[in-house]
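Just below is one structure, and these are the notes that go with it.
Numbers here are sequence positions counted from 1. What you see is a predicted model; the values in this text were computed from it and never measured.
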Amino acid sequence: MKFKQFDYYIFIDFSENLIGYSIISYEKMFELLPKITKFTHYKNLRHKKEYLKSMKKRIKRNKILSFFLRYKIKELYNNADIYADVLEFIKKHEKCIIFISIDNRQYKAFNKLVGFVDGKRVIVKKESELIRGTPEYQASLVLDTLLNIERNKQK
């Protein structure tokens with residue numbers, strides 16, 4: 001499998017009234033991949049409750065959250081807080097090549113924000129541009145699942 005090497009991967013996603021992000025380093029990304037092969041896109045599932053219950057156990061058993069450098073889920077109205085965290089991380093790691101995946105609806109505005117900090121060493125992709133089966137796609141499913149677990153917990 002050929003892929004471009006990034007120092008850090010950042011995933012930003014939304015689920016109804018929640019927004020979240022996760023940051024993972026290159027080394028941890030490839031330690032994590034074998035543990036997340038069963039993750040899938042929530043909206044494509046028939047048995048959603050069973051999936052979330054199973055993934056919640058898997059996340060705990062495999063200590064999935066320990067692989068992330070940073071991870072946060074907040075109410076959607078706190079999206080400025082999430083963006084500030086990500087932009088601060090980018091600014092602190094100015095010598096690193098960073099990959100960012102963001103929800104399609106937020107892509108244009110977020111891409112402009114990143115341009116103010118640094119547009120040369122940061123690659124921002126729409127979530128829909130991620131190719132199924134790639135490490136980036138698979139890792140984005142972890143955040144998607146975490147958001148859906150949190151959203152269902154609130155109901």
| How far does CD1 of Ile73 sit from CG of Asn78, to the nearest 0.5 angstrom? | 12.5 Å
| Taking the six-membered ring for Trp, are Tyr51 and Phe39 parallel (under 30°), tilted (30 to 60°) or perpendicular (over 60°)? | perpendicular
| Hey, does the side chain of Asn152 reach the backbone of Leu52 with a donor-acceptor pair shorter than 3.5 angstrom? | no
| In this structure, are over 12 heavy atoms from other groups packed under 6.0 Å from Lys48 atom NZ? | yes
| request: Indicate yes or no for a side-chain donor-acceptor contact from Arg121 to the backbone of Glu94 under 3.5 Å, with no hydrogens or angles considered. | output: yes
| said: Using salt bridge (charged side-chain N to carboxylate O under 4.0 Å, His left out), reason through Lys153 and Glu150 one step at a time and then give a plain yes or no. | reply: CA-CA 5 Å; Lys153 200 187 310 180; Glu150 187 65 32; 3.4 Å; yes
| Stepwise side chain to side chain contact (heavy atoms under 4.5 Å, CB included) check, Phe6 with Met29 | CA-CA 10 Å; Phe6 295 98; Met29 171 74 110; over 6 Å; no
| message | Ignoring hydrogens, what is the shortest heavy-atom contact between Thr145 and Met55? Give both atom names and the distance. | response | CG2-CB, 3.7 Å
| message | Could you report the tightest heavy-atom contact between Leu147 and Gly20, atom names first, then the distance? | response | CD2-N, 3.8 Å
| Can you tell me how far the CG atom of Leu143 sits from the OH atom of Tyr71, to the nearest 0.5 Å? | 7.5 Å
| So how far is it from Leu32 CG to Ser66 OG, rounded to the nearest 0.5 Å? | 8.5 Å
| field | Donor-acceptor pair, side chain of Asp103 and main chain of Ile12, under 3.5 angstrom | value | no
| message | Exactly one of Val142, Ile23, Ile24 should register a side-chain contact (heavy atoms from CB on, under 4.5 Å) with Phe11. Which one does? | response | Ile24
| field | Donor-acceptor pair, side chain of Ser15 and main chain of Leu18, under 3.5 angstrom | value | no
| note | Note: Asp7 and Lys95 closest approach over all heavy atoms is OD2-O, 4.4 Å
| query | Hey, does Phe30 have a side-chain heavy atom less than 4.5 Å from the side chain of Leu33? | reply | yes
| said: Any salt bridge linking Arg70 with Asp85? Criterion: basic side-chain nitrogen under 4.0 Å from a carboxylate oxygen. | reply: no
| message | Let's go through Ile131 and Tyr137 carefully: what are the C-alpha distance in whole Å and the side-chain angles of both, what is the deciding distance for side chain to side chain contact (heavy atoms under 4.5 Å, CB included) to 0.1 Å, and is it a yes or a no? | response | CA-CA 6 Å; Ile131 300 167; Tyr137 178 84; over 6 Å; no
| said: Using the rule side chain to side chain donor-acceptor pair (under 3.5 Å), only one of Asn79, Asn17, Asp81 pairs with Lys74; which is it? | reply: Asp81
| field | Distance in Å, Ile82 CD1 paired with Glu75 CD, rounded so as to fall on 0.5 Å steps | value | 11.0 Å
| Judged by atom type as modelled, is there a donor-acceptor pair below 3.5 Å linking the side chain of Gln138 to the main-chain atoms of Ile36? | yes
| Passes side chain to side chain contact (heavy atoms under 4.5 Å, CB included), Val114 versus Leu87? Steps please. | CA-CA 7 Å; Val114 168; Leu87 294 173; 4.1 Å; yes
| remark: Here the side-chain hydrogen bond (donor to acceptor under 3.5 Å, both in side chains) pairs for residues 53-65, sequence neighbours left out, are none
| request: Take the angle between the ring planes of Tyr9 and Tyr26 and call it parallel below 30°, perpendicular above 60°, tilted in between. | output: parallel
| said: Working note: Tyr83 + Ile102, criterion side chain to side chain contact (heavy atoms under 4.5 Å, CB included); need CA distance, chi angles, decisive distance, verdict. | reply: CA-CA 11 Å; Tyr83 289 168; Ile102 188 158; 4.0 Å; yes
| Atom CG in Leu69, atom CZ in Phe89: separation rounded to 0.5 Å? | 5.0 Å
| field | Euclidean distance, Ser101 OG relative to Lys125 NZ, rounded to 0.5 Å | value | 10.0 Å
| said: Looking at every heavy atom in both Cys96 and Tyr8, which two are closest together, and how far apart are they? | reply: SG-CE1, 3.7 Å
